[in-house]
**Student:** 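Quick one: the structure is below, and I'll ask about it shortly.
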Amino acid sequence: MSEPIWPEQTRGSLNAELRRAVEHLADAPQLLVALDFDGTLSPLVAHADEARPLPRAAAAFRRLSSLEGTTTALVSGRSLASLRAVAQPAPETLLVGSHGAEVWLGAGSTGLVLDPAQQALLEKVHQVLEEVAQVAPGCWVEEKPAGAVLHTRQATVEDAVDAEAAARHLLEREPGVHLMNGKRVLEASVVRSSKGEALDFLRTVLGPVAVLYAGDDTTDETAFARLDTNPGLPHPDLGVKVGEDFTAAQFRVPSPEGVADLLEILFSHRSRHQGDKGHNDLPY
Ligand SMILES: O=P(O)(O)OC[C@H]1O[C@H](O[C@H]2O[C@H](CO)[C@@H](O)[C@H](O)[C@H]2O)[C@H](O)[C@@H](O)[C@@H]1O
């Protein structure tokens, strides 16, 4: 695993090496641009319902989706319904929700189906997390089709730690329940899934020459691990970690503002090859 490269503030939040890599990626004949949502396209906020993409990032992402040979995808831990509500993606953007348990590739996509045992377990997961949240000030539960999330961002650190520990204790030995830690959340799912598997699936279906993946959370590491960043390839994949935590990604940007810079540069370079189709009026 190579040492991540920190930005040098050469243009916006992209260092010269990342900028060069983005410009090279822009020449890939078929490109998949796959982004995490919370903490990547949208800054983290107090309540999940209040999250919105940065307008500059959303505009560049939407424009990329209109380019030939370019597929955009959101790969999120959110349910598809929640992701659609907050991200308001372009109609062409493919959606992966619930950390890969839900996939929408356009009209005709089949929804998530749980068997009776998973359905019963889902009810238990919801009930356990609700009971924990009720006695933990500032905590609340987000329900999903395949699981539930204990949110602790609005709790004191002490209450958050106690609530997560209680939920873990009650659920970790439950067969069929998969626990994941996120940023001020504990997620419990009755379906085993990962963003890495979801990215493999998208790659198989779409057959892109190269993939850009950006994300900020530990759950994005399974996706970074699936990228082929071999510099000997004509167009290596590109992984970009948002923030400071440990990562397998090659590059970093400090915040969602950096993701906006990156998407604008990618759109600007990619649209140059497509004449007027890309409507390039960005200042790069
Ligand atoms: O994979 P993502 O798209 O990044 O989704 C991961 C989780 O994001 C949401 O929670 C996070 O964002 C909230 C809003 O900024 C924040 O309040 C919370 O503390 C973060 O963990 C979402 O609510 C979860 O369902 C997602 O799994």
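For the single chain, residues carry numbers from 1 onward in sequence order. All heavy atoms count here, side chains included; hydrogens, waters and symmetry mates do not. Note that the coordinates shown come from a computational prediction; the quantities given were computed from them, not determined experimentally. Just so you know, ligand 1 is whichever comes first in the structure, and atom 1 is the first atom listed for that ligand.
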**Student:** Under 4.0 Å between a Lys/Arg side-chain N and an Asp/Glu carboxylate O for R19 and D261?
**Tutor:** no
**Student:** Between K183 and D38, does at least one N-O distance fall below 4.0 Å, as a salt bridge requires?
**Tutor:** no
**Student:** Out of all atoms in ligand 1, which are within 4.0 Å of some heavy atom of A46? Include the element for each.
**Tutor:** 17 (O)
**Student:** Before you tell me yes or no, could you show the steps for R252 and T247 under side chain to side chain donor-acceptor pair (under 3.5 Å), namely the whole-Å CA-CA distance, both residues' side-chain angles and the distance that decides it to 0.1 Å?
**Tutor:** CA-CA 9 Å; R252 291 180 193 261; T247 187; 5.9 Å; no
**Student:** Atoms of ligand 1 less than 4.0 Å from E142 heavy atoms?
**Tutor:**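 What qualifies from ligand 1 is 22 (C), 23 (O), 24 (C), 25 (O).
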**Student:** Nearest protein heavy atom to atom 12 (O) of ligand 1, by residue and atom, and its distance?
**Tutor:**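 Answer for atom 12 (O) of ligand 1: D38 OD1, 3.3 Å.
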**Student:** For V185, counting its heavy atoms only, list the atoms of ligand 1 lying under 4.0 Å from any of them.
**Tutor:** 21 (O)
**Student:** Show the atoms of ligand 1 that are less than 4.0 angstrom away from any heavy atom in G77.
**Tutor:**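 In order of number, 1 (O), 2 (P), 3 (O), 5 (O), 26 (C), 27 (O).
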**Student:** Heavy atoms only, cut-off 4.0 Å: how does E50 contact ligand 1, side chain, backbone, both, or neither?
**Tutor:** neither
**Student:** Note the single closest protein heavy atom to atom 20 (C) of ligand 1, along with its residue, its atom name and the distance in Å.
**Tutor:** K183 O, 3.3 Å
**Student:** Which ligand 1 atoms, with their elements, are less than 4.0 angstrom from a heavy-atom of K144?
**Tutor:**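 The atoms of ligand 1 under 4.0 Å from a heavy atom of K144 are 24 (C), 25 (O), 26 (C), 27 (O).
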**Student:** Return the residue, atom name and 0.1 Å-rounded distance of the protein heavy atom closest to atom 19 (O) of ligand 1.
**Tutor:** R153 NE, 2.6 Å
**Student:** For H47 and H151, take the angle between the two ring planes, folded into 0 to 90°, and tell me which bin it lands in: parallel under 30, tilted 30 to 60, perpendicular over 60.
**Tutor:** parallel
**Student:** Between V149 and K144, which heavy-atom pair has the shortest distance, and what is it?
**Tutor:**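 That closest heavy-atom pairing would be CG2-CE, 3.1 Å.
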